[in-house]
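For the numbers below, each heavy atom of this structure counts, side chains included, while hydrogens, waters and symmetry mates do not. Note that the structure is predicted; figures quoted are calculated from it, not measured.
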Amino acid sequence: MSGFIPEEKISEIRSAADIVEIVSESVVLKKTGKDYVGLCPFHSEKTPSFTVIPLKQMYYCFGCGIGGDVFNFLMKKEGLSFPESVKILADRYGIELPKKEMSDEEKQKLRLREALFSVNGAALDFFRQSLEGPRGRAAREYLKGRGIDPSVLELFKIGFAPPGWENLITEFQNRRITADLAEQAGLIIPRKKGAGYYDRFRNRIIFPIIEPRGAVIGFGGRVMDDGMPKYLNSPESPIYHKSRSLYGLHHTLEKCRRADAVFLVEGYFDLIAMVQHGIENGAATLGTSLTPDHVRLLKRCASKAFLVYDSDPAGLRAAERSLDIFEKAGMTLRVMTLPDGYDPDTYLFKFGADEFYRIAENALSAFDFLMESKIRQHGLSLEGKVSIVSDLAEHLFGVADPVKRSLYIQAIAERVGVGEKSIQEKIGAVRKNIPPDFPSDDEPPPLWPDDLPHGFWGDDPGYDPMDFPASDHPMGTLDHPEEERHFGDRMERRMVAMLLQCPEMASEVARRGVVACFRNEQLKSIGEMLLNHPNPSPAETEAALADEGSRALFSDLSLQEETWRPDDCCRLMEQFLARRRPGEKDLQEKIRAAEQSNDERLLFELLKKKQLQALSACKGSG
């Protein structure tokens, strides 16, 4: 988009690129009439449903519903950003891109990132050579004792940090790498007493953390005895963020996409054991709890995840904490429970891949796992049932889909022996007890009127859920400021999603000044961009957003699928404006009455009043 890559250049590249040629490099295509078909590269299938349409320079899979243009294909297939896909195609087809002049700050950040990648590359060479050399004999014996094949050591570039305090420092001095740079990479640590530094990793097996495009962003180290800490990871740096990184994806990303499923484990050796046993669609967290960014990353690889945590109490608690994150991301999750005393590494080496897959086939859904876990924890005594329902009500409170929530309530009632009405009342009590510091990035309370599917309230086109008197509203009164804020955030999210699905509504949204009244700054910037650049591709819009939070938010909204009708869109805007602009609804009804009575003078006065009211409300909300 303009400000990044001119739209005319994007159009020129799109016209020059041959989507059949690009797709054919990774998909075997067969011509059928004017189009081409093949097996989808993004999900597992036996009958071809992936179609390339040369006339439109588009692709679409009728099996998984994924589609787009040549830029989108490269982004999804290779894990690229939009600018990267544009540059690759421009270079391939001989189209020169304008060079954007970077600020001094941008140049400095870019130089630092490149330098840190280079430092990590040098450290990787040292660790690999140390494993293969005389000092690595004990480490090689340790890895052999754990059953790790040499080919897998090479695949994951596993190394060794020898004993000693300054081995890596000496290596860096020989390579003329400054201590300041090595410290920023997290490889050396300043001494507390006196001058100088010492190596962070000493006498440990080293696991390089490699991003999908092949650059080393950090390291993990494991002791070979009972020393503590057992695992030591690189600290956060300009190129490494453990809450947004997963181990092993540089090798498994394509396999995850082809299987449309990913096995998520906790440890380096767990992931390595899976790959060695032929299970190559996996990833591992990096010594941190699962985060929404992790799940967002996984969702780009597959639609289903299998959580394979240790069967000890700590592993089960970690699995429980992860469920809501998957629920909110809309990603299908199943939980594999291994026998007591086993983790994925030890289980695979003892029982093999077939038994592992057997457990996967019988894995519980996320909700069934949570329900059975609470039953094991509390038991089915009278007091236990109360505790079970209380714990599960907090989870159900965050389930936005009313149909799914209803089915969950029914399942609890049947399994625990408690009436559905009692469970619903418990969920309602959770809503009433939202603390004032309810996190702003969580999902809002369920069952707001605008969350419900079209037709839920009946097919009366004039019906507006906001017509309820406050005391009769399905969710009660909305006088709590936090509930009001979350109601507004939810409405704003839905309107941005509406703009993405129905760009033809942009002129009406702009005319009514809807986006100007947004209070969420990230949503406001996305909405303004969609209004200012009609019909951009999602990839172009995402690339043009200024900050990572906005890009992540846009990515989530662009994945939502909903059928919109013009009256649905208008009703949503009216609901929003009625709450943002007090008196808007009454004024709108007066305008309709003036139109029906052909009172042009009154209509003019009312429209003028509406315009002034809109300007006043929007200034107040800014």
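- Separating the CD1 atom in Ile188 from the CH2 atom in Trp165 is a distance of 14.0 Å, to the nearest 0.5 Å.
- Checked by atom type and distance alone, the side chain of Lys242 never pairs as donor or acceptor with a backbone atom of Glu236 at under 3.5 Å.
- Listed for the Arg202 side chain is a donor-acceptor partner under 3.5 Å among the backbone atoms of Asp199.
- Pairing each heavy atom of Asp149 with each of Gln276, the nearest pair is N-OE1, 3.0 Å.
- In this structure, the side chains of Asn233 and Arg200 stay at 4.5 Å or more apart for every pair of heavy atoms.
- We find the CG-OG1 distance between Leu338 and Thr346 to be 7.5 Å, quoted to the nearest 0.5 Å.
- Nearest heavy-atom pair, Ile205 versus Ala139, reported as atom, atom and distance to 0.1 Å: CD1-CB, 3.6 Å.
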Derivation and outcome, salt bridge (Lys or Arg N to Asp or Glu O under 4.0 Å), residues Glu166 and Arg191:
CA-CA 12 Å; Glu166 296 183 352; Arg191 295 184 181 275; 3.0 Å; yes

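- To the nearest 0.5 Å, the span separating CZ on Phe369 from OG1 on Thr337 amounts to 5.0 Å.
- By the 6.0 Å and 45° rule, Arg146 stacks over the aromatic ring of Phe269.
- Using a 4.0 Å cut-off between a side-chain N of Lys or Arg and a carboxylate O of Asp or Glu, Lys328 and Asp324 do not qualify as a salt bridge.
- Ionic pairing of Arg113 and Glu211 is not present here: no N-O contact between side-chain nitrogen and carboxylate oxygen is shorter than 4.0 angstrom.
- Among all heavy-atom pairs drawn from Lys157 and Leu124, the shortest one is O-CD1, 3.6 Å.
- The pair Glu327-Lys404 meets the salt-bridge criterion, with a side-chain N (NZ, NE, NH1 or NH2) lying under 4.0 Å from an Asp/Glu carboxylate O.
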Show, in sequence, the C-alpha distance, side-chain angles and deciding distance for Phe367 and Val399, and conclude whether the side-chain contact (heavy atoms from CB on, under 4.5 Å) test is met.
CA-CA 11 Å; Phe367 179 75; Val399 177; over 6 Å; no

Give the intermediate values and the outcome of side-chain contact (heavy atoms from CB on, under 4.5 Å) for residues Phe356 and Phe351.
CA-CA 8 Å; Phe356 185 87; Phe351 298 104; over 6 Å; no

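- If you check the side chains of Thr252 and Asn281, you find no donor sitting under 3.5 Å from an acceptor.
- Within 6.0 Å of NZ in Lys87 there are 12 or fewer heavy atoms belonging to other residues, nucleotides or ligands.
- Contact between Gly221 and Phe201 at its shortest, heavy atoms only, is N-CE2, 3.9 Å.
- A salt bridge between Arg111 and Glu105 is absent, with no side-chain N of the basic residue lying under 4.0 Å from a carboxylate O of the acidic one.
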I would like to know whether Phe160 and Arg128 meet side-chain contact (heavy atoms from CB on, under 4.5 Å); could you show each step before the answer?
CA-CA 6 Å; Phe160 174 61; Arg128 290 286 290 146; over 6 Å; no

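- Ile206 places none of its side-chain heavy atoms less than 4.5 Å from the side chain of Tyr268.
- By the 4.5 Å heavy-atom criterion applied to side chains, Asn120 and Ile239 are counted as neighbours.
- Under the 3.5 Å distance criterion, the side-chain polar atoms of Asp260 are left unmatched by any main-chain donor or acceptor of Ala302.
- Among all heavy-atom pairs drawn from Lys385 and Val416, the shortest one is CE-O, 3.0 Å.
- With hydrogens and angles ignored, the 3.5 Å screen pairs no side-chain donor or acceptor of Thr285 with any backbone N or O of Leu290.
- His241 and Asp293 form no side-chain donor-acceptor contact under 3.5 Å, judged by distance and modelled atom types alone.
- Not a single donor-acceptor pair under 3.5 Å links the side chain of Arg92 to the backbone N or O of Ile22.
- Under a cutoff of 6.0 Å and an axis angle of 45°, Lys77 and Phe42 do not form a cation-pi pair.
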Might you work through the side-chain contact (heavy atoms from CB on, under 4.5 Å) test for Glu171 and Arg175, ending with a clear yes or no?
CA-CA 6 Å; Glu171 176 72 13; Arg175 292 182 178 232; 2.9 Å; yes

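- Residue pairs that meet the ring-ring contact (aromatic ring centres under 6.0 Å, His included) test with at least one member in residues 278-302, sequence neighbours left out, do not exist here.
- Salt-bridge formation is not detected for the pair Glu372/Arg376: no Lys NZ or Arg NE/NH1/NH2 atom is positioned less than 4.0 Å from an Asp or Glu carboxylate oxygen.
- Looking at heavy atoms from C-beta onward, Phe172 lies out of side-chain contact with Leu181 at the 4.5 angstrom threshold.
- Side chains of Ile272 and Phe207 form a contact here, defined as non-hydrogen atoms less than 4.5 Å apart.
- Scanning both residues, Leu348 and Ala353, for their nearest heavy atoms gives CD2-CA, 4.0 Å.
- Atom NE2 of residue His251 and atom SG of residue Cys256 lie 9.5 Å apart, to the nearest 0.5 angstrom.
- Using a 4.5 Å heavy-atom cutoff, the side chains of Met331 and Val262 are in contact.
- No cation-pi contact links Arg334 to Phe306, judged by a cut-off of 6.0 Å to the six-membered ring centre and 45° from its axis.
- Side-chain atoms of Asn167 and Arg135 form a donor-acceptor pair, as typed in the model, at a separation below 3.5 Å.
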Test log, rule salt bridge (Lys or Arg N to Asp or Glu O under 4.0 Å), inputs Arg258 and Glu45:
CA-CA 9 Å; Arg258 289 188 178 279; Glu45 63 177 6; over 6 Å; no

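- Residues Arg358 and Glu361 are not paired through a salt bridge, judged by the lack of any N-O separation under 4.0 Å between the basic side chain and the carboxylate.
- Between Ile158 and Phe127, the closest side-chain pair of non-hydrogen atoms is not below 4.5 Å.
- Residues His43 and Cys40 have side chains in contact (heavy-atom distance under 4.5 Å, counting atoms from C-beta outward).
- No donor-acceptor pair under 3.5 Å is formed between the side chain of Asp345 and the backbone N or O of Ala273.
- Between Glu141 and Arg137 there is no salt bridge, since no side-chain N of the basic residue sits under 4.0 Å from a carboxylate O of the acidic one.
- Here the CD1 atom belonging to Ile388 is positioned 10.5 Å from the CG atom belonging to Leu370, to the nearest 0.5 angstrom.
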Could you check Phe71 against Phe82 for ring pair (Phe, Tyr, Trp, His ring centres under 6.0 Å), going step by step and ending with a plain yes or no?
CA-CA 7 Å; Phe71 301 116; Phe82 177 71; 5.5 Å; yes

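- Using modelled atom types, no side-chain atom of Arg415 and backbone atom of Met371 make a donor-acceptor pair closer than 3.5 Å.
- The CG atom of Leu153 lies 9.5 Å from the CD atom of Glu132; values are rounded to the nearest 0.5 Å.
- Side-chain contact, Gln184 with Asp180: a donor N or O sits under 3.5 Å from an acceptor N or O.
- A donor-acceptor pair under 3.5 Å is formed between the side chain of Ser234 and the backbone N or O of Phe219.
- With hydrogens and angles disregarded, no donor-acceptor distance shorter than 3.5 Å links the side chain of Ser303 to the backbone of Lys299.
- Listed for the Ser118 side chain is no donor-acceptor partner under 3.5 Å among the backbone atoms of Glu114.
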